[in-house]
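First comes the structure, then the notes that go with it.
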Amino acid sequence: MSEPVRVRYAPSPTGLPHVGNIRTALFNWLFARHHGGRFIVRIEDTDVARKVEGAVGAILDSLRWLGLDWDEGPEVGGDYGPYFQSQRLERYRAVAQRLLDEGHAYLCYCSPERLEEMRAEQVRRKEPPGYDRRCRDLSPAEGIAGVVRFKTPQTGHTEFHDLIWGEVVFENSTLDDFVLLKSDGYPTYHLANIVDDHLMDISHVLRAEEWLSSTPRHILLYSAVGFEPPQFAHLPMILGDDRAKLSKRHGATAITDFRDDGYLPEALVNFLVLLGWSLDDKTEVLSSQELVRHFSLERVSKTAAVFNRQKLDWMNGLYLRNLQSHDLAGRAMPFLSSLLPPEAERSLDGDYVLQIAPLIQERARTLAEFAELAGFFFIDELVYDAGLLLGGGLSRETAAAALAAAREGLHALKAFDAASLEAVLRPLAAELGLKTGALFGLLRVAVTGRTAAPPLFQTMAVLGRDRCLGRIEAALERLGA
RNA sequence: GGCGCAUUCGUCUAGCGGUCCAGGACACCUCCCUCUCAAGGAGGAGAUCACCGGUUCGAAUCCGGUAUGCGCUACCA
């Protein structure tokens with residue numbers, strides 16, 4: 001890159017940041033880090049009506065959670081501030097005024113009602129909707145509030161080179177005179193965007209594909225104002241499994257939802273980057289450092305990607321399995337305390353959780369699932385159907401006898417560890433004339449309340465002698481023995 | 001309706017004129033391992049590369065058209 005790379009993530013605080021939105025942030029961040037440039041966060045709060053309280057905080061939290069640190073922006077400041085567009089209103093007005101003075105823009109006094117009628121009429125006549133330029137040649141009326149519209153050239157064409165899409169050409173005649181400054185004095189996205197990207201020395205604009213059609217307007221604006229436009233790169237969209245733009249009805253799509261559902265930020269980053277970017281024909285698992293090293297716009301695809309939850313789950317499980325036990329235990333702790341049933345022992349012992357972690361690790365795909373799978377470790381009174389105890393095809397009598405024998409065996413055991421447990425229980429199956437699977441299955445249900453659980457001996461060792469004996473006792477009662 | 005863009009297994013993708021009767025991953029199926037469930041290992045099935053023409057000795061790759069999809073078409077971003 002000949003010029004220093006300065007890219008920005010410019011969210012609008014109109015709600016919780018969603019997957020597609022954050023993927024844009026991720027690509028910007030990777031691009032900046034790869035080129036040793038600056039990653040800037042700018043809040044585009046120019047839509048007063050749609051502004052949502054707390055959205056800025058959620059956006060920043062999401063970035064932080066994913067490890068996308070910003071060099072300039074809210075909370076960290078920078079030389080190009082302020083980083084909230086609502087605090088930069090004079091700058092937009094100044095540019096709008098200049099455009100007005102130089103004949104590149106004009107005041108429009110059309111009422112919203114008239115515009116709406118006009119559009120309805122155009123749609124009815126199957127004409128392309130767009131402002132009819134009624135006010136274009138009016139002389140400015142003193143004292144009447146209006147909006148400022150851009151005087152879009154009506155002939156010729158506008159072309160630009162997109163780093164991902166290549167050459168793109170638009171006929172100017174298909175563009176209408178869009179609004180620059182609204183009647184409330186706030187700029188529209190188009191104005192604010194080009195003013196800030198210029199003032200903040202943005203070198204590359206990486207944004208979602210939905211902006212591609214707006215780019216000619218921006219190019220035209222840049223040239224009217226006399227600013228050098230940045231380079232553009234439009235990123236492919238992310239779709240739901242019905243191929244429609246990803247939204248709430250596709251389930252959890254806000255980044256904070258993924259955090260609350262127990263996904264790991266490093267897994268989500270890895271998964272998200274693969275939606276529209278690839279390294280080669282086989283590598284899929286990459287750390288943030290590797291992503292920074294390898295990221296390039298040349299390998300960004302042009303086709304929209306469907307968000308595949310199953311693959312995310314798989315990848316999250318993969319990252320979960322690669323965690324150190326103490327790390328996993330630490331991350332699982334908050335999920336345990338909020339997800340465990342109310343009857344669970346609420347004071348969570350760190351050492352106990354640390355022992356449990358390796359047993360659940362390769363069975364959970366999310367931290368929430370971890371809490372679910374580990375539930376029996378924390379509940380005193382297991383809840384399960386007594387029929388499960390006879391699931392192995394055992395008769396009531398046989399099962400009761402086996403449980404009683406196991407109880408005696410456990411009582412006599414010196415060391416209550418996995419090896420000792422196995423040393424006594426395996427022979428016990430033979431003594432009872434049972435298949436090991438039948439005995440172990442029975443004990444598994446008695447001790448965990450489930451037919452599927454981590455390996456029996458290790459599980460029992462972690463539970464401890466007292467808990468195991470108590471549960472076997474309870475199972476015997478359940479059998480009416 | 002207009003403009004723009006895209007189109008490779010169900011999904012994410014590799015492929016940038018011959019090495020591709022198309023490779024990897026998720027999901028699915030089978031087997032192995034095994035006290036269950038997982039994890040892991042080994043296999044399998046799954047794509048006439050949207051369709052139709054053209055260029056070329058040769059096309060998933062280049063060109064044109066068609067279809068479909070998506071985006072934009074707001075005093076929203």
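We name chains A, B, ... by the order of the sequence lines, and we start the count at 1 in each one.
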For [N], give its Watson-Crick or G-U wobble partner with both distances under 3.5 Å, or none.
N     : result
B:C20 : none
B:C31 : B:G41
B:C26 : B:G10
B:G1  : B:U73

ask   = What residues, two or more places apart in sequence or in another chain, satisfy salt bridge (charged side-chain N to carboxylate O under 4.0 Å, His left out) together with A:Glu408?
value =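 Scan of A:Glu408 (salt bridge (charged side-chain N to carboxylate O under 4.0 Å, His left out), adjacent residues dropped) gives none.
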ask   = What is the per-nucleotide protein-contact pattern of nucleotides 5-15 of chain B, from the 5' end, where B denotes a base atom under 4.0 Å from a protein heavy atom, S denotes such proximity for sugar-phosphate atoms only, and - denotes neither?
value = SSS---BBSSS
request  = Would you give a per-nucleotide map of nucleotides 34-44 of chain B, 5' to 3', where B means the base has a protein non-hydrogen atom under 4.0 Å away, S means only the sugar-phosphate does, and - means neither?
outcome  = -BBBBSS----
key: A:Tyr319 six-ring centre to A:Arg365 NZ/CZ under 6.0 Å and within 45° of normal   =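 No.
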inquiry  = On the nucleotide B:A77, are OP1 or OP2 found under 4.0 Å from the side-chain N or O atoms that A:Lys182 carries?
reply    =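 Yes, because at least one side-chain N or O of A:Lys182 sits under 4.0 Å from OP1 or OP2 of B:A77.
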ask   = Any side-chain N or O of A:Arg149 less than 4.0 Å from the OP1 or OP2 oxygen of B:C75?
value =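 Checking A:Arg149 against B:C75: at least one side-chain N or O falls below 4.0 Å of OP1 or OP2.
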request  = Working to the nearest 0.5 Å, report the span between CG of A:Leu394 and CG of A:Leu434.
outcome  =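 One gets 6.0 Å once the value is rounded to the nearest 0.5 Å.
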key: Check ion pair A:Asp176-A:Arg133 (N to O, under 4.0 angstrom)   =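 No, A:Asp176 and A:Arg133 are not salt-bridged.
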ask   = Under a 4.5 Å cut-off applied to non-hydrogen side-chain atoms, are A:Leu221 and A:His190 in contact?
value =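 Side chain of A:Leu221 against side chain of A:His190, heavy atoms only: contact under 4.5 Å found.
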